[in-house]
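Sequential numbering from 1 along the given sequence is applied to the chain's residues. Both counts, for ligands and for their atoms, begin at 1 and track the order of listing. Note that this is a predicted model, so its numbers are computed, not measured.
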Amino acid sequence: MNHNPILVAIDTPEIAQARRLIAATASSVGGVKLGLEFFVAHGPAGIKEAAAGQPNLFLDLKLHDIPNTVAGAVKSALPLDPLLMTIHCTGGPAMMKAAAEARGNARTKILGVTILTSLDDSDLAATGQNGPVATQVVRLAKLAQASGIDGIVCSPQEVALIREACGPKFLLVVPGIRPAGAAIGDQKRVQTPRSAVEAGADYLVIGRPITEAPDPAAAAKAILTELS
Ligand code: C5P
């Protein structure tokens with residue numbers, strides 16, 4: 001792997017805390033993930049302030065609306081120069097194509113969210129979608145790829161399946177990562193950093209094992225060392 005795959009998830013709405021964590025981990029991670037909670041509280045100006053000094057931003061807004069609106073939101077995000085940003089695949093092929101086109105020549109990669117990991121087979125049935133979850137995840141990943149989307153966010157358990165279905169160039173960004181011995185927290189299905197990369201993950205989204213460690217800088221460094 002010729003890039004640092006660690007994206008540290010900064011799940012706090014506090015700018016000062018975000019800045020501290022981002023500064024502490026900057027030399028050991030490949031980028032920083034900021035999501036809806038932070039964006040709704042502080043907007044693009046807050047993202048810019050918090051992520052100053054960290055060139056690779058994963059802007060995890062999980063956009064889902066009609067094609068014209070999602071395309072507009074993607075364009076509005078480009079001044080932040082995100083490396084990665086997310087939309088929902090269930091917005092459909094026209095919406096995904098519009099998002100991919102809106103990105104234009106920017107370096108930003110658009111990732112699809114397939115089925116939220118909070119949903120199970122019975123939730124899919126309740127919302128009128130065909131299951132099981134694994135089948136629907138692969139269907140949406142292939143649809144995303146055919147619609148010009150660069151990759152998807154997927155659970156550690158889905159990496160091998162999607163890599164096989166979508167080939168080597170499709171970006172796979174994987175949360176639910178726990179170094180051996182780390183607290184699992186509310187994650188149900190976890191994998192170690194090394195095994196996720198070996199299974200085919202391009203980026204690892206890692207939050208609490210770094211941000212709640214007594215020494216976040218050392219925790220990030222230890223994960224990087226385990227990977228290299
Ligand atoms: O603290 P932890 O390592 O569990 O954080 C994982 C990050 O990845 C969080 O920001 C969480 O919102 C995000 N995420 C996830 N599972 C998904 C999608 C995103 O844990 N399916």
**Study point:** Numbered atoms of ligand 1 (with element) below 4.0 Å of R178, judged on heavy atoms
**Key:** 1 (O), 2 (P), 3 (O), 4 (O)
Check your understanding: Quick one: does K33 get a heavy atom under 4.0 Å from ligand 1?
Key -> yes
Review point. Less than 4.0 Å between a side-chain N and a carboxylate O, is that true for R103 and D150?
Key: yes
Review point. Are the side chains of K33 and I206 in touch, meaning some heavy atoms are under 4.5 Å apart?
Key: no
Practice item. Look at atom 19 (C) of ligand 1 and say which protein heavy atom is nearest, naming residue and atom and giving the distance to 0.1 Å. Key: P175 CG, 3.8 Å
Exercise for review: Could you see which bit of P209 sits under 4.0 Å from ligand 1, with heavy atoms only: side chain, backbone, both or neither?
Suggested key: side chain
Point to revise | CG on D81 to CG on N56, rounded to 0.5 Å | key: 8.5 Å
Review point. Where is the nearest protein heavy atom to atom 6 (C) of ligand 1: which residue, which atom, and how far?
Key: Q187 NE2, 3.8 Å
Review point. Is the shortest N/O to N/O distance between T117 and ligand 1 below 3.5 Å?
Key: yes
Review point. Counting from 1, what ligand 1 atoms have a heavy atom of A9 closer than 4.0 Å?
Key: 7 (C), 10 (O)
Point to revise | T108 and L83, any side-chain heavy atoms less than 4.5 Å apart | key: no
Practice item. Examine the side chains of E14 and T12 and answer whether a donor and an acceptor come within less than 3.5 Å of each other. Key: no
Practice item. Return a yes/no value for G207: is any of its N or O atoms, backbone included, closer than 3.5 angstrom to an N or O of ligand 1? Key: yes
Check your understanding: Is it true that D186 and R208 make a salt bridge, defined as a side-chain N closer than 4.0 Å to a carboxylate O?
Key -> yes
Practice item. Ignoring angles and geometry beyond distance, decide whether D186 reaches within less than 3.5 Å of ligand 1 through its nitrogen or oxygen atoms. Key: no
Review point. What atoms of ligand 1 come closer than 4.0 angstrom to any heavy atom of R208?
Key: 1 (O), 2 (P), 3 (O), 4 (O)
Review point. Which atoms of ligand 1 have any heavy atom of V205 under 4.0 Å away?
Key: 7 (C), 8 (O)
Practice item. With rounding to the nearest 0.5 Å, note down the distance linking CG in L111 to CG in L84. Key: 5.0 Å
Point to revise | Closest contact, heavy atoms only, A219 versus P209 | key: CB-O, 3.6 Å
Review point. Any idea which atoms of ligand 1 are less than 4.0 Å away from a heavy-atom of D11?
Key: 9 (C), 10 (O)
